[in-house]
Structure formats: structure tokens, C-alpha cells
Amino acid sequence: MAEKRPESMQRIVNFDLANAFIDEQVALIRKQVGNKKVLLALSGGVDSSVVAALLIKAIGKQLVSVHVNHGLLRKGEPEQVVEVFRNQLDANLIYVDAVDRFLNKLDGVSDPETKRKIIGGEFIKVFEEEARKLDDIEFLAQGTIYPDIIESKGVKAHHNVGGLPEDLKFELVEPLKFLYKDEVRVVGDALGLPHGMVYRQPFPGPGLGVRCLGAITRDRLEAVRESDAILREEFAKNGLEGKVWQYFTAIPDLKSVGVRNDMRADEWCVIIRAVNTSDAMSATIEPIDYSLLNHITQRIVTEVKGVNRVLYDLTPKPTGTIEWE
Ligand code: XMP
């Protein structure tokens with residue numbers, strides 16, 4: 001039976017309530033783990049970042065965070081994890097550059113579900129290898145939140161390193177397990193994490209791996225990462241960050257002819273997707289202003305290598321899904 005949020009628990013809607021929650025959890029974490037070490041897979045997403053910040057406050061360097069860069073993160077994300085956790089919060093952070101390893105495994109694989117399985121499976125393997133290098137770890141912290149518990153089919157399997165082998169079954173530390181997403185964000189804010197990290201839009205576990213459609217190639221992966229960064233920058237500049245639920249670019253495995261420097265040139269296209277939803281089960285598109293679309297298009301075709309066209313996806317869910325694969 002799934003655990004239930006205590007009925008007496010107040011909804012965390014402001015800093016006072018967040019601080020009270022933090023104080024209570026700090027005491028509980030210290031009581032649970034004593035002077036032992038705790039391991040955490042720190043993706044840089046909202047939930048794992050808030051868990052990390054909370055545990056750092058409670059037990060400092062007894063928390064060992066592992067950040068696996070699988071090469072499928074958005075532009076600037078691995079750097080931000082290192083900057084915030086290692087440089088600003090002085091965390092015990094292990095940064096694993098696994099980019100080549102993931103891209104080699106994914107080489108030539110075009111089926112979306114197989115890609116997801118490879119990314120999830122390889123993630124557990126890398127994490128397991130790091131865990132085996134460490135001594136005296138007795139606990140595993142996880143960014144499980146209440147919707148993960150009540151929704152039988154959560155979309156967050158990548159965060160929960162539940163696929164670890166038997167001999168690495170640590171006792172779990174899950175301080176956010178009764179919180180809803182909005183409460184996690186208030187707690188993250190109260191812990192002093194950067195606003196952009198706490199209020200960032202949802203990002204799938206397999207990352208850009210499901211936005212570089214078909215078999216992933218390094219040139220298209222860079223093109224989707226760069227075009228996504230331009231889209232995010234322009235949304236932020238134009239007041240759309242935090243207003244639009246999810247927005248990104250995807251790159252199909254499709255070249256078309258175009259003209260560059262007076263020469264015909266076969267290049268890739270990228271697709272802009274921007275949607276609003278309350279539960280991700282259905283979604284409507286954000287009607288992006290034409291002049292902004294035009295400006296983003298101009299930037300992408302001039303700044304992103306190998307891209308000569310930009311398409312705008314007008315399809316709601318259903319019949320489209322939010323992601324393209
Ligand atoms: P779809 O594409 O099904 O997406 O309309 C609904 C929401 O789920 C996210 N999504 C994923 N998240 N692993 C994840 O962690 C996945 O494999 C995955 N596929 C889709 C998607 O970004 C959207 O927010």
C-alpha cells in the first residue's frame with residue numbers, strides 16, 4: 001500500500017512554513033543517518049537539487065552526490081550543478097563525464113523505447129560503479145515526491161535508482177516524499193537555490209535523447225542543444241519563462257535543401273514546441289507572437305550549425321504528445 005501524506009500536514013505555501021519544514025527534516029535526517037554517509041544521484045532537476053540542498057544543510061559532507069553527465073542535458077546544466085553544489089554549497093560532489101559512454105551505447109539506435117531503456121540502464125550502471133568505489137555508504141537519498149507515490153506510473157523512474165543490485169540496497173532517505181511539486185519549489189527557494197533551478201520547466205529523464213529523433217548523432221544533438229538554448233533565452237527575455245509550461249526544440253532525422261552563401265545546402269531543420277497543460281495528459285499550444293517566432297527563427301538559422309529551417313508545431317495533445325518520441 002502506498003504511503004499517505006499525514007492529514008495534519010499543512011500545505012507549504014510560504015517561507016515560514018518552508019523553514020519550519022526544513023528545520024523538522026534536518027532534525028529527522030540527522031536522527032536517521034547519525035554519522036553515516038548518504039549517497040544521492042544529483043541530476044540537477046528540481047527534486048534531486050532540493051534533496052541535495054536539504055541534506056547538505058543537515059549533514060554537510062556526509063552527503064556524497066553523484067552527477068552523471070550523460071551528454072543529453074541542456075546547455076549549461078552540468079556546469080550549473082558543479083557551480084551551485086561544489087563551488088557555492090561546498091558539497092561533496094562526484095562529477096562523472098559519461099558522455100562518450102552513453103553516445104557510444106546509443107549509436108545507431110533509433111527506436112524510442114530502446115533509447116529510453118539504454119539511457120535508464122546505463123545510468124544505473126554508471127551510478128552503481130561510482131557507489132562501489134565508495135566505502136561506508138549506508139543510505140541512499142532520493143528525490144521522490146508525493147505525486148511519484150500516488151501515481152502508480154510515475155515519469156521519474158530515472159531519478160529513483162531502484163534498479164541497483166541487491167548488495168547495494170541502501171536504506172532510503174526521502175525527505176520530500178509527502179510534498180507536492182509547488183511545495184518542493186518553495187522549500188528549494190527557502191534553501192537559497194537559484195530561482196532558475198527551482199522553477200525550471202519539466203525535463204524528461206532521457207533528456208535531449210528523446211528530442212534528437214531517431215538514431216542520435218553528435219551534430220544533431222549539438223544542434224538541438226543550441227537551438228533549445230536560444231529558445232529558452234528568448235522566452236526568458238520576453239517574459240514567457242515561468243508562464244509557458246514546457247517549451248523546447250526537437251530535431252528530426254531530416255535534411256532539406258536550402259540556400260546558404262548563394263549555394264544550395266542540405267541541412268537539418270528544428271521544430272519548436274511550446275505547450276500549456278495542468279497535468280500533461282492533454283495540452284494546448286502556446287500561441288507565440290509572430291515577431292518573436294520570426295526572431296527566434298532568424299537566430300537559430302544563423303547561429304546553429306547545420307540548420308537551415310525552423311518549424312513551429314501547432315498540434316495540441318491529443319493528437320500530438322508533448323514530446324516528439
Ligand atoms: P508526452 O510526450 O507523453 O509527455 O505528452 C508528457 C510529459 O512527460 C514527459 N516525458 C518524460 N519524462 N521520461 C521522463 O522523465 C520520459 O521518458 C518521458 N517522456 C515524456 C514530457 O516531457 C512531458 O512533460
Side-chain angles (χ1 to χ4, degrees), residues 41-51 67-75 77 102 105-106 109-124 127 142-163 176 180-182 184-185 197 199-216 221 224-225 227-229 231-232 235 240-252 270-286 313-325:
L42 176 58
S43 69
V46 181
D47 305 334
S48 68
S49 298
V50 174
V51 170
H67 178 67
V68 178
N69 180 0
H70 51 30
L72 306 168
L73 296 169
R74 287 175 292 197
K75 188 172 180 178
E77 282 186 333
F102 275 80
K105 272 259 160 185
L106 287 162
V109 181
S110 57
D111 174 63
E113 288 319 308
T114 312
K115 285 165 70 178
R116 281 185 168 81
K117 278 203 188 98
I118 290 173
I119 296 164
E122 204 58 20
F123 179 86
I124 290 170
F127 189 72
Q142 293 201 147
T144 314
I145 67 172
Y146 201 42
D148 301 328
I149 295 179
I150 49 185
E151 288 160 16
S152 52
K153 205 167 142 269
V155 284
K156 218 175 56 176
H158 68 290
H159 272 193
N160 299 339
V161 238
L176 309 180
Y180 289 99
K181 195 77 178 193
D182 54 318
V184 175
R185 296 196 207 272
M197 192 173 236
Y199 285 89
R200 72 179 209 168
Q201 53 168 318
F203 186 59
L208 300 179
V210 292
R211 295 179 180 169
C212 188
L213 311 181
I216 297 168
L221 182 59
V224 79
R225 200 186 330 267
S227 56
D228 173 77
L231 183 74
R232 286 191 289 134
F235 266 44
L240 293 172
E241 189 185 50
K243 180 178 163 272
V244 180
W245 198 79
Q246 199 171 10
Y247 46 96
F248 54 88
T249 60
I251 188 161
V270 298
I271 301 155
I272 295 176
R273 186 97 173 112
V275 298
N276 290 304
T277 175
S278 52
D279 57 5
M281 301 299 286
S282 63
T284 54
I285 64 142
E286 168 72 15
D313 185 354
L314 294 172
T315 323
K317 175 181 180 176
T319 52
T321 47
I322 294 176
E323 302 291 343
W324 264 62
E325 67 172 31

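Just so it is clear, the values below take in all heavy atoms, side chains as well, and ignore hydrogens, waters and symmetry mates. Remember, it's a predicted structure, so these values are computed and weren't measured experimentally. Counting starts at 1 for both ligands and their atoms, in listed order.
Against a heavy-atom cut-off of under 4.0 Å, Trp245 is close to the following atoms of ligand 1: 24 (O). Short contacts between ligand 1 and Thr321, defined as distances under 4.0 Å to a heavy atom of the residue, involve ligand atoms 1 (P), 2 (O), 5 (O).
Contacts of Lys317 classified as side-chain hydrogen bond (donor to acceptor under 3.5 Å, both in side chains), with partners at least two apart in sequence or in another chain: none. Listed by chain and number, the residues in a side-chain hydrogen bond (donor to acceptor under 3.5 Å, both in side chains) with Glu77 are Arg74, Arg200 (sequence neighbours excluded).
Salt-bridge check for Asp111 with Lys115: failed, with every basic side-chain N at 4.0 Å or more from each acidic carboxylate O. Salt bridge present: Arg211 and Glu323 bring a charged side-chain N and a carboxylate O closer than 4.0 Å.
Looking at Glu325, Glu323, Lys317, Arg273, it is Lys317 that brings a heavy atom closest to atom 3 (O) of ligand 1. Among Pro202, Ala283, Pro204, Gly45, the residue whose heavy atom sits closest to atom 10 (N) of ligand 1 is Pro204.
Taking any N or O of Ala280, backbone or side chain, none lies under 3.5 Å from an N or O belonging to ligand 1. At least one N or O atom of Gln246, backbone or side chain, sits closer than 3.5 Å to an N or O atom of ligand 1.
Within the 4.0 Å heavy-atom criterion, neither part of Phe248 lies near ligand 1.
Put simply, the residue from Glu286, Gln246, Lys243 that forms a side chain to side chain donor-acceptor pair (under 3.5 Å) with Asn276 is Glu286.
A cation-pi arrangement is absent between Arg273 and Tyr247 under the rule of less than 6.0 angstrom and at most 45 degrees off the ring axis.
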